[in-house]
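Have a look at the structure below before the remarks.
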Amino acid sequence: MTVPFKVDLTGKVAVVTGGGGVLGSYFAKALAECGAKVAIMDLNQEPADKVAAEINEAGGQAIGVAANVLDKEAIEKAREIIVKELGTVDILLNGAGGNNPKGSTDDEFYNEEEVKKNPELKTFFDLDPKGVGFVFDLNFLGTLLPSQVFAKDMIGKKGANIINVSSMNAYTPLTKIPAYSGAKAAISNFTQWCATYFAKTGVRVNAIAPGFLVTKQNEKLLFNDDGTPTARTGKILNSTPMGRFGEPEELIGAILYLASEEAASFVTGVVLPIDGGFSSYTGV
Ligand code: NAD
């Protein structure tokens with residue numbers, strides 16, 4: 001991967017949670033390419049090590065660390081390893097998160113007739129509180145707990161900052177995914193809260209809000225085998241003024257900008273949409 005522009009992160013230590021995932025691995029590689037020493041933190045050691053190995057092979061410096069972002073003790077242990085191997089953290093990128101079918105409905109609109117015809121349909125009334133809680137915890141607590149653990153080392157450190165990952169769902173919820181939408185709205189809100197809370201310490205806190213991206217993982221859900229868009233894809237593209245999906249690489253400029261003290265020293269509490277205009281368009 002080649003970054004769109006270079007910022008100087010030489011000597012900085014970055015932690016990317018969910019760094020073994022699709023977007024997290026892009027973020028980690030971009031930070032490494034700009035000189036940061038990167039800890040790839042993921043639920044499992046293997047994907048974290050794989051991304052770290054790719055960075056090291058490309059001439060960067062990275063380690064893989066396993067930790068559940070919902071387990072504060074595990075994050076603290078991961079912090080000890082990171083501090084020992086790379087030094088105290090300057091940049092925390094909270095990339096772990098995502099949706100889960102357990103927090104989703106099958107229907108877009110409630111329709112009594114449909115429910116009578118298909119009693120198996122999972123509606124709002126069937127949502128399992130545990131499923132909703134799982135999605136909220138993964139996204140919200142999974143951002144709050146690593147921030148608690150790593151921000152302590154950032155206080156008073158020049159250029160230290162946190163980048164969270166929100167979503168288009170945070171502005172206006174998408175159908176079927178109330179838990180994920182609410183959890184990402186909480187991330188945007190928490191980003192502003194933390195930006196204020198840490199403002200006098202020099203620690204900046206910002207977020208990106210990616211729009212709809214195509215990745216190898218979701219390609220099959222978005223397009224039929226013949227390459228034509230699925231019905232939901234058609235709706236997404238019609239709601240995106242640029243009329244296309246984004247690529248993970250298109251998030252990198254925002255990550256580097258927010259991470260760089262030279263570029264963004266007076267920027268804190270922003271949630272930056274990277275969405276082809278989705279959040280600006282009413283559809284009319
Ligand atoms: P992904 O599933 O590829 O990556 C998530 C990573 O987080 C995985 O490697 C997973 O192992 C790890 N993870 C999951 N639970 C964890 C836990 N409890 N502790 C530690 N690590 C854990 O997802 P992605 O598409 O790369 O998404 C990354 C972030 O971007 C998420 O917050 C997601 O909500 C957000 N996002 C993604 C998109 C998109 O289109 N892909 C759009 C908007 C926002």
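Each ligand, and each atom within it, is numbered from 1 in the order the structure gives. Keep in mind that this is a model prediction, so the values were computed, not measured.
Under the 4.5 Å side-chain heavy-atom criterion for grouping Ile, Leu, Val, Met, Phe, Trp and Tyr, Val267 is connected to Leu31 within one hydrophobic cluster.
Partners of Thr240 by side-chain hydrogen bond (donor to acceptor under 3.5 Å, both in side chains), not counting sequence neighbours: none found. Qualifying ring pair (Phe, Tyr, Trp, His ring centres under 6.0 Å) partners for Phe198, counting only residues two or more places apart in sequence or in other chains: none.
Checked against the 6.0 Å centroid criterion, the rings of Phe278 and Tyr171 do not qualify as a close aromatic pair.
Ligand 1 lies under 4.0 Å from heavy atoms of Gly18, Gly20, Gly21, Val22, Leu23, Asp42, Leu43, Ala67, Asn68, Val69, Gly95, Ala96, Gly97, Gly98, Leu138, Val165, Ser166, Tyr180, Lys184, Pro210, Gly211, Leu213.
Under the side chain to side chain donor-acceptor pair (under 3.5 Å) criterion, the residue pairs touching residues 57-73 are Lys72-Gln148, with sequence neighbours excluded.
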Between Thr123 and Asp107, is a side-chain hydrogen bond (donor to acceptor under 3.5 Å, both in side chains) present by the stated rule, with each step listed? CA-CA 6 Å; Thr123 74; Asp107 54 350; 5.2 Å; no
